[in-house]
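This report concerns only the one structure given below.
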Protein chains: 2
Amino acid sequence: MQDKASLQSALRMWEEALGELVRRDGPDLSARQMAIMLIVYLQEPPHTVRGLAAQLKISKPAVVRALDTLGRMDLLKRKPDEQDKRSVNVVRTVKGSVYLSEFSDVVNEAAKRHLA
Amino acid sequence: MQDKASLQSALRMWEEALGELVRRDGPDLSARQMAIMLIVYLQEPPHTVRGLAAQLKISKPAVVRALDTLGRMDLLKRKPDEQDKRSVNVVRTVKGSVYLSEFSDVVNEAAKRHLA
DNA sequence: AGCGATTATTTCGCAAGCGAAACGTCTTTT
DNA sequence: AAAAGACGTTTCGCTTGCGAAATAATCGCT
């Protein structure tokens, strides 16, 4: 268990960043969609539907739907696997990189503001 | 603009915490619902529908719906304002406090794990 | 070559959330 | 006291997401 101060600290930081995101115009990603974005952009490729479903413990159709939505937004892309033609690799896009970059700015600003 | 290391740092922390939350059983709150929870539990009362809508720049019906859902989950409660009978105060519950306490544990664990 | 396993997707019925507009209640202004 | 405004809620039509089950394509094993 943490001390009370650090509990509040983490929550306040989350609040500021999240509030900023909700206020923002533009795409409002669900928790699952954001989790998939972060995995795809922060963990080493390759990323597959089954892999994402397993890591997040959600159903494969849920992953497929999230990829549909994120793909429509150009935040990531499907790329057929040439070795195993049943499989699909999920890859990054420029727009997705920009999106996450701005996102991390928001988080960092909140962190900085809170620590100050 | 931050240096690249700290950008990645914030994102990785967010990813670990968010991943844990998505995996978790139990209520899966939307971004808006979570934002409302954090405001109600971290900022000083009183909290009203119009106040929450203004702060998050979302419509009042959206706030009403979120309060319906969160209220059904016992994560917060409506309390009629005695002074101005048009108004409603949003107040905390024990269950909500527990929920956020566990939430901050997850965030803190992710932060600690990442800094290690 | 054939057959079961694996991968991703689609279909189905359903539940939840959205914004805009209308509404009911209460307060403030005139 | 009547009108105007403020607050929260409800209604409307619509969009999105969900899990479970069914489907299509491909792989691997024997």
Side-chain angles (χ1 to χ4, degrees), chain A residues 18-19 21-40 45-91 99, chain B residues 18-19 21-40 45-91 99:
Chain A
L18 185 56
L21 288 175
V22 170
R23 266 183 292 275
R24 242 161 212 247
D25 301 336
D28 188 30
L29 302 189
S30 77
R32 289 179 173 194
Q33 289 164 350
M34 183 58 83
I36 288 177
M37 282 293 288
L38 289 169
I39 290 175
V40 169
H47 302 289
T48 63
V49 172
R50 70 190 176 287
L52 293 168
Q55 185 167 350
L56 293 173
K57 285 189 186 156
I58 60 179
S59 71
K60 280 194 299 180
V63 174
V64 169
R65 280 187 295 264
L67 295 183
D68 289 344
T69 302
L70 295 171
R72 240 178 277 123
M73 295 174 176
D74 275 326
L75 294 179
L76 48 72
K77 225 172 32 184
R78 285 179 169 93
K79 185 170 179 301
D81 185 329
E82 294 304 330
Q83 268 68 39
D84 185 342
K85 292 192 177 176
R86 292 170 302 177
S87 204
V88 167
N89 287 112
V90 180
V91 300
Y99 181 91
Chain B
L18 185 57
L21 289 174
V22 170
R23 268 181 291 275
R24 245 164 207 242
D25 301 335
D28 189 29
L29 301 189
S30 76
R32 289 179 173 197
Q33 290 164 350
M34 183 58 84
I36 288 178
M37 283 293 289
L38 290 169
I39 289 176
V40 169
H47 302 289
T48 63
V49 172
R50 69 190 174 286
L52 294 167
Q55 185 167 351
L56 294 174
K57 284 188 187 158
I58 61 179
S59 70
K60 280 193 301 180
V63 174
V64 168
R65 281 187 294 264
L67 295 184
D68 290 343
T69 303
L70 295 171
R72 239 177 278 122
M73 294 174 176
D74 275 324
L75 294 179
L76 47 74
K77 224 172 33 185
R78 282 176 171 96
K79 186 170 179 300
D81 186 328
E82 294 304 330
Q83 267 69 38
D84 186 340
K85 292 192 176 174
R86 291 171 302 179
S87 203
V88 167
N89 286 112
V90 180
V91 300
Y99 181 91

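These values consider heavy atoms only, across backbone and side chains, with no hydrogens, waters or symmetry-generated copies.
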Given A/Lys77 and A/Val40, is the side chain to side chain contact (heavy atoms under 4.5 Å, CB included) satisfied, shown in steps? CA-CA 10 Å; A/Lys77 225 172 32 184; A/Val40 169; over 6 Å; no
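Between the CG atom of A/Asp81 and the P atom of D/dT26 there is a distance of 13 Å, given to the nearest Å. Atom pair B/Leu67:CG and D/dG8:P shows a separation of 10 Å (rounding to whole Å applied). Residue A/Asn89 contributes atom CG, which lies 13 Å from atom P of C/dT7 at whole-angstrom precision. One atom, CG of B/Leu29, and another, C1' of C/dA16, lie 13 Å apart when rounded to the nearest Å. Atom NZ of B/Lys60 is separated from atom C1' of C/dA22 by 13 Å (rounded to the nearest Å). Spacing between atom NZ of B/Lys57 and atom C1' of C/dG19 amounts to 18 Å, rounded to whole angstrom units. Rounded to whole angstrom, the span from the CZ atom of A/Arg50 across to the P atom of C/dT9 amounts to 11 Å. Between the CD1 atom of B/Ile36 and the P atom of C/dG17 there is a distance of 11 Å, given to the nearest Å.
Counting heavy atoms from C-beta on, the side chains of A/Ile39 and A/Leu56 come closer than 4.5 Å. Taking the side chain as every heavy atom from C-beta outward, A/Leu70 and A/Leu29 approach each other to under 4.5 Å. For the pair B/Leu76/B/Gln33, no side-chain contact is recorded, criterion being any heavy-atom separation below 4.5 Å from C-beta on.
Taking only side-chain nitrogens and oxygens, B/Ser87 comes nearer than 4.0 Å to OP1 or OP2 of D/dG8.
Put simply, the side chain of B/Arg23 gets close to the backbone of A/Gln55: a donor and an acceptor are under 3.5 Å apart.
A/Arg50 and A/Thr48 form a side-chain donor-acceptor contact under 3.5 Å, judged by distance and modelled atom types alone.
Expressed to the nearest 0.5 Å, how far CG of B/Leu52 lies from CZ of B/Arg32 amounts to 12.5 Å.
As judged by a 4.0 angstrom heavy-atom cut-off over every strand, B/Val64 is placed among the base-contacting residues.
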Is there any protein nitrogen or oxygen under 3.5 Å from a nitrogen or oxygen in nucleotides 14-18 of chain D, and what are the pairs?
{"from": "D/dG17", "atom 1": "OP1", "to": "A/Gln33", "atom 2": "NE2", "distance (Å)": "2.8"}
{"from": "D/dG17", "atom 1": "OP1", "to": "A/Thr69", "atom 2": "OG1", "distance (Å)": "3.4"}
{"from": "D/dG17", "atom 1": "OP2", "to": "A/Thr69", "atom 2": "OG1", "distance (Å)": "3.1"}
{"from": "D/dC18", "atom 1": "OP1", "to": "A/Arg32", "atom 2": "NH1", "distance (Å)": "3.0"}
{"from": "D/dC18", "atom 1": "OP2", "to": "A/Arg65", "atom 2": "NE", "distance (Å)": "3.4"}

Just the atom pairs and distances: protein N or O near nucleotides 24-29 of chain C's N or O, under 3.5 Å.
{"from": "C/dT27", "atom 1": "OP1", "to": "B/Lys85", "atom 2": "N", "distance (Å)": "3.3"}

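Between A/Leu18 and B/Ala35, the closest heavy-atom pair is CD2-N, 3.6 Å.
Residues passing the side-chain contact (heavy atoms from CB on, under 4.5 Å) test with B/Pro46, sequence neighbours excluded: B/Asn89.
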